Amino acid sequence: MLAGAGTGKTRVLTTRIAHILATGKAYPSQILAVTFTNKAAREMRDRIGGLIGGTLEGMSWLGTFHSIGVKILRRHAELVGLKSGFTILDDDDQVRLLKQVIEAARLDKDRWPARQLAGLIDSWKNRGLTPDKVPDGESFSFAAGKGAALYAAYQARLKDLNACDFGDLLLECIRLFREHPDVLADYHRRFRYILVDEYQDTNVAQYLWLRLLAQGCPNVCCVGDDDQSIYGWRGAEVDNILRFEKDFPGAKVIRLERNYRSTANILAAASGLIAKNAGRLGKTLFTDGSAGSKIGVANFWDDEAEARAIGEDIEQFQRAQEKLNDIAV
């Protein structure tokens, strides 16, 4: 489902899940529903409960990519060299461990900061790259070619500590599925429906994880907007949504183009700008609402001047008895 801004993406997913449950097409435990944030998962759960007229019970596979990844890994931890009670390191713990790895390699920790290496490793894991798959050119971007070796040493230390970092929650799942097809086949039998929200924000690792699970499921429904892919800096690949029809032959593309949020003038301006983008599937948003106020364009010397002007506008609204809760920036 190619859904523009304000067209009801979450509503579409929740209504589809409620319909699947209400018509008995699947049990709650047979539905895999993936979101990007825990807040979105809670909202989806509440909405589905409201639609089916009660508390949603038994839908244990509704969550974020990483929360579902944790659940799978804890079930099969031994197969990837871990124990089920493994620890998940936060960013600070990760940097501390990498400092130890850098020192053990007798490198200058001031010249080669652990946080820089942490960023590199995170980008490699977002692309599904294990240490042996890191391109030589990228390995040379840290410590004169030792980047991949340090990554491998870091992974070994994680195993010794029975720990994972955030990126491992998907990377180790991918390895589990590839090296143990019987485990993957079990999840193929388990999931009858797969639904994914904000598909345009998936990175390579999330894409690979999803493709492996979707191989055994004929009912895959992804909702996203190629015009709202803004997370390229953290590894998101808009190509994932652009090639959906190729990845899933016979897929039907449904465009949600009716906007319930903005006025016609806002939609016209936004559509005029985004139409110039290359690499998009294309859609035209419309509204049955009014044209609304004309859009104002203001020029400022710098971001501080812009902030002052916005603050002054808000003060004027307040003096006119407008509520702060009715103002968006």
Side-chain angles (χ1 to χ4, degrees), residues 34-37 64-70 72-73 80-82 88-91 94-95 97-98 101-102 112-159 163-180 184 194 196-215 220 222 224 226 228-244 246-248 278-279:
V34 187
T35 66
F36 267 81
T37 65
T64 64
F65 279 98
H66 293 93
S67 68
I68 295 169
V70 170
I72 292 171
L73 280 184
V80 292
L82 294 166
I88 303 170
L89 302 188
D90 61 20
D91 291 345
Q94 183 184 9
V95 170
L97 185 57
L98 282 169
V101 171
I102 289 169
W112 304 108
R115 199 166 291 279
Q116 181 186 346
L117 181 57
L120 270 175
I121 290 174
D122 185 57
S123 71
W124 290 331
K125 289 186 177 183
N126 283 341
R127 287 156 56 202
L129 298 175
T130 50
D132 58 307
K133 294 290 191 290
V134 173
D136 290 341
E138 294 185 29
S139 181
F140 267 90
S141 65
F142 192 89
K146 295 180 180 177
L150 292 169
Y151 176 14
Y154 168 66
Q155 291 301 106
R157 292 294 297 274
L158 284 173
K159 289 292 191 295
C164 281
D165 63 21
F166 206 55
D168 285 327
L169 301 181
L170 291 182
L171 194 65
E172 292 289 10
C173 265
I174 293 169
R175 186 160 74 88
L176 170 71
F177 292 154
R178 284 174 168 169
E179 294 180 1
H180 301 277
L184 180 58
I194 295 176
V196 185
D197 197 10
E198 304 291 3
Y199 191 62
Q200 78 280 352
D201 290 333
T202 52
N203 59 35
V204 174
Q206 290 162 338
Y207 169 80
L208 293 172
W209 181 88
L210 181 67
R211 281 299 308 275
L212 285 165
L213 285 171
Q215 285 172 358
V220 180
C222 295
D226 52 331
Q228 289 191 71
S229 182
I230 61 172
Y231 291 112
W233 55 273
R234 70 177 187 197
E237 289 279 350
V238 71
D239 284 348
N240 293 349
I241 195 169
L242 297 179
R243 64 167 177 254
F244 187 85
K246 182 179 178 182
D247 289 341
F248 299 94

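Because only heavy atoms are used, hydrogens play no part in the values below, and waters and symmetry mates are left out as well, while side chains stay in. What you see is a predicted model, and the numbers here were worked out from it, not measured in a lab.
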Between [atom1] of [X] and [atom2] of [Y], what distance do you get to the nearest 0.5 Å?
X	Y	atom1	atom2	result
Leu208	Asn203	CG	CG	9.0 Å
Glu179	Leu184	CD	CG	12.5 Å
Ile88	Leu169	CD1	CG	5.0 Å
Ile102	Leu97	CD1	CG	10.0 Å
Ile174	Arg211	CD1	CZ	12.5 Å

Are [X] and [Y] close enough that some pair of their side-chain heavy atoms sits under 4.5 Å apart?
X	Y	answer
Gln206	Val196	no
Tyr151	Leu120	no
Tyr207	Arg243	yes
Leu150	Tyr154	no
Leu170	His66	yes
Leu158	Leu89	yes
Gln94	Arg115	no

Quiz item: Does the side-chain contact (heavy atoms from CB on, under 4.5 Å) test come out yes or no for Leu213 and Phe177, once each step is laid out?
Solution: CA-CA 8 Å; Leu213 285 171; Phe177 292 154; 3.8 Å; yes
Quiz prompt | Phe248 atom CZ: more than 12 heavy-atom contacts under 6.0 Å | solution =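 Buried by this count: over 12 neighbours within 6.0 Å.
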Exercise. Might you point out which heavy atoms bring Pro135 and Leu129 nearest each other, and give the distance in Å?
Key: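 Heavy atoms of Pro135 and Leu129 come nearest at CD-CD1, 4.1 Å.
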Exercise. Identify the heavy atoms of Leu82 and Ala163 that sit nearest to each other, and give their distance.
Key: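 Heavy atoms of Leu82 and Ala163 come nearest at CD2-O, 3.8 Å.
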Quiz item: Between Phe244 and Tyr199, how do the two ring planes meet: parallel, tilted or perpendicular, split at 30° and 60°?
Solution: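 Answer is perpendicular, since the angle exceeds 60°.
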Practice problem: Please state whether the rings of Phe36 and Phe65 are parallel, tilted or perpendicular, taking 30° and 60° as the class boundaries. | Solution: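 If you compare the ring of Phe36 with that of Phe65, the planes turn out perpendicular.
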Is there a donor-acceptor pair closer than 3.5 Å between any side-chain N or O of [X] and the backbone N or O of [Y]?
X	Y	value
Asn240	Thr202	yes
Thr64	Thr37	no
Asp168	Leu171	no
Gln155	Ala152	no

